[in-house]
Chemist: 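I'd like to ask you about the structure that follows.
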Amino acid sequence: MAQQDGPTSPRKHRGPDEHRTTTVEKGPFCTARCTCGWRGPARRARSLARADAEGHVGG
C-alpha cells in the first residue's frame with residue numbers, strides 16, 4: 001500500500017480542527033482519507049480520489 005505524503009493541496013496549518021487529507025493506494029484503487037475520519041470511495045483514478053478530497057474540505 002502506497003501513501004501520498006501531505007495534503008492534497010497546499011494549505012496553511014490552521015489548528016487541530018483543520019481537515020488534512022491524503023490519498024492511499026491499495027492495489028489498483030486509490031482512496032482519499034481525512035484526519036477527521038472521513039474516507040472517500042475507492043477509485044481507479046488518482047485524480048478522482050483527489051477531487052473527492054477537495055470536495056470534502058470544501059476546496
Side-chain angles (χ1 to χ4, degrees):
M1 175 174 19
Q3 183 171 347
Q4 178 182 353
D5 294 330
T8 57
S9 62
R11 295 182 180 266
K12 293 181 181 177
H13 184 66
R14 295 184 185 138
D17 294 332
E18 180 183 9
H19 291 266
R20 305 211 40 157
T21 57
T22 58
T23 55
V24 178
E25 296 180 18
K26 187 171 184 181
F29 296 99
C30 187
T31 303
R33 293 185 182 175
C34 182
T35 55
C36 75
W38 173 86
R39 292 176 67 177
R43 304 286 196 172
R44 287 191 182 267
R46 288 183 197 110
S47 60
L48 292 177
R50 286 191 295 267
D52 291 337
E54 288 176 11
H56 171 69
V57 297

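Just so it is clear, the model here is predicted, and its values are computed rather than measured.
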Chemist: Report the residues that fulfil side chain to side chain donor-acceptor pair (under 3.5 Å) with Arg46, sequence neighbours left out, ordered by chain and then residue number.
Modeler: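 Expected list: Glu25.
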Chemist: Determine whether Thr21 and Arg33 make a side-chain contact, defined as any pair of heavy atoms from C-beta on separated by less than 4.5 Å.
Modeler: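 Contact flag for Thr21/Arg33 side chains = no.
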Chemist: Compare every heavy atom of Ala32 with every heavy atom of Ala49, then report the nearest pair and how far apart it is.
Modeler: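 For Ala49 versus Ala32, the nearest heavy atoms are O-CB, 3.3 Å.
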Chemist: Listed by chain and number, what are the side-chain contact (heavy atoms from CB on, under 4.5 Å) partners of Pro28, not counting sequence neighbours?
Modeler: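 In terms of side-chain contact (heavy atoms from CB on, under 4.5 Å), with neighbours along the sequence ignored, Pro28 is linked to Arg44.
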Chemist: Testing the basics here: between Arg50 and Thr23, what is the closest heavy-atom pair and its distance to 0.1 Å?
Modeler: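 Smallest interatomic distance, heavy atoms only, reads CG-CG2, 4.0 Å.
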Chemist: Could you give the distance from SG (Cys34) to CG (Asp52), rounded to the nearest 0.5 Å?
Modeler: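 The distance works out to 12.5 Å.
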Chemist: Identify, with sequence neighbours excluded, every residue that meets side-chain contact (heavy atoms from CB on, under 4.5 Å) alongside Ala42.
Modeler: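 side-chain contact (heavy atoms from CB on, under 4.5 Å) check on Ala42 returns Phe29, Thr31.
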Chemist: Would you call the rings of His56 and His19 parallel, tilted or perpendicular, where under 30° means parallel and over 60° means perpendicular?
Modeler: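 Rings of His56 and His19: perpendicular, as their planes differ by over 60°.
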